[in-house]
Each structure stands twice: as structure tokens, then as C-alpha cells.
Trainee: 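Right, I'll just put the structure down here and ask away after.
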Amino acid sequence: MPSISDLRRQMLEDLGIDVWLFRDNTTRDENYWRSLQNKVQTCQSCALSKSRTQTVFGSGNAQAELLLIGEAPGAEEDRQGQPFVGKAGKLLNAMLFSIGLTRDQVYICNVLKCRPPNNRNPLPAEVESCASFLSAQIEFIKPKVILALGRFAAHSLLQTEAPVYKMRENNNVLPGAEIPVVVTYHPASLLRNPEQKAQSWQDLCKVSQLLGIKKG
Ligand code: URA
């Protein structure tokens, strides 16, 4: 299947617009994204670089309209190098499916790119040292909507300490960018507290509405 950048290249060529490629046939965008991935992969800015098996950059469609942001890789993510592949990830897939989306149609990443040992909470210094990677991802993807999964993602994005139940009722916007941020419970929290699922469904409906997804 042709990639989005192949299709875009073809479309520009069809319009008679010259497309400049790098020697290895990639575009500036692809090179930027790869170099960002490489920076994350080789990052040693904090102590998590010593305990990780590998970094978890993110996965999905880097031109997606919906960007989902979680907290940090867990044990399974650290093993596989992909976000949300454990139990919480299975629930996340089902949540996406409920609004007619698959993982290939969205982009999924975390605030931290490395696993905190024993799944402890991220430390403020770790969040800070990873912040430029997340900002670069947001700036590159330019999503129409961000879905913040849980307290850590919401706090890092919105620079607040408010509890999730309050943030999920607000019309949040990413500071410095006009991107709506829908806040919802983390899928791991939904596994522990299934009674939160009804509210999480409302949050997904809000996302669906902001994206202009038609019901049916
Ligand atoms: N929890 C997260 O916040 N992110 C993952 O990638 C997995 C579990």
C-alpha cells in the first residue's frame, strides 16, 4: 500500500509541482521525524535511560487528526518498544473502536519515552527532560484534537494540578496552540474502576464530535 507521503508526492506531481527529494528519496518531513526518533532512541538526559530496555517513541499515523497521549511505557511497552500494548492498550483499542477508529488512524505516544522502574509515577525532572520531545511530536503531527489519557498527561499538557474529574468537564485548549485537549481517565484506571467507563464514553463522544465523525 502506498504511504501517505507517496500519495502526497504523487498528487503534487500530478499538479505539476516540482517535488524535491533527498538523495535517499525521503522528504524533509520524513527526515525530521526520523531524526526526532533517533534523538529519543539515543537520549541519556535522565536516569531512566539506564534502566530502560528501549525507548517508546510512539506509533500510528503521524498525520492523524487525533493524538492520544498517555503517561509512560509500562513493562510490556518497554519490552516491545510500542505504546499501550499491555492490558490497558487492549482497552484503549476497544475505546477507539467504539468511535469508529483504529490505531492506524490515530497517533499514540506518552509524556515519558522511557519506563519508570516498577511502574512508579514519573518524577517532575523526568517529565521536564522529555517535554521537548512531546512538544516536537505535537508540532509535527498538528492534530485537530488531543486526548489526554489520565492525570499525568493532562497535567503536563495543561500546566495544572486539577483532578481529572474536573478537567474532563472543561473545554481545555493546549497553551500556545489552538488545539482542544479532551481529558479522560487513563485506561489502566478504567480497568481498576469500571464505573468510570460511562464518563469515559462521554469523553470519547466529545472527541468524535470535535473530529466531526458521523455516527452510524
Ligand atoms: N500506560 C501508559 O500511560 N502508556 C503506555 O504506553 C502504557 C501504559
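Start at 1 and go down the list; that is how both ligands and their atoms are numbered.
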Trainee: Which residue pairs pass the salt bridge (charged side-chain N to carboxylate O under 4.0 Å, His left out) test with at least one member in residues 156-181, sequence neighbours excluded?
Mentor: Arg168-Asp203
Trainee: Does the side chain of Lys113 come under 3.5 Å of the side chain of Gln137 through a donor N or O and an acceptor N or O?
Mentor: yes
Trainee: Hey, which residues fall under 4.0 Å of ligand 1 on heavy atoms?
Mentor: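 Contacts of ligand 1 under 4.0 Å: Gly70, Glu71, Ala72, Glu77, Pro83, Phe84, Asn110, His186.
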Trainee: Do side-chain atoms of Asn170 reach the backbone of Asn172 as a donor and acceptor pair under 3.5 angstrom?
Mentor: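 Between the backbone of Asn172 and the side chain of Asn170 there is no qualifying donor-acceptor contact (under 3.5 Å).
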Trainee: Just jot down the side chain to side chain donor-acceptor pair (under 3.5 Å) partners of Gln196, sequence neighbours excluded, or say none.
Mentor: Ser189
Trainee: Are Tyr107 and Trp33 near enough that their ring centres are under 6.0 Å apart?
Mentor: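 Yes: the rings meet the under 6.0 Å criterion.
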Trainee: Tell me every residue that passes ring pair (Phe, Tyr, Trp, His ring centres under 6.0 Å) with Tyr32, counting only those two or more places apart in sequence or in another chain.
Mentor: Phe140
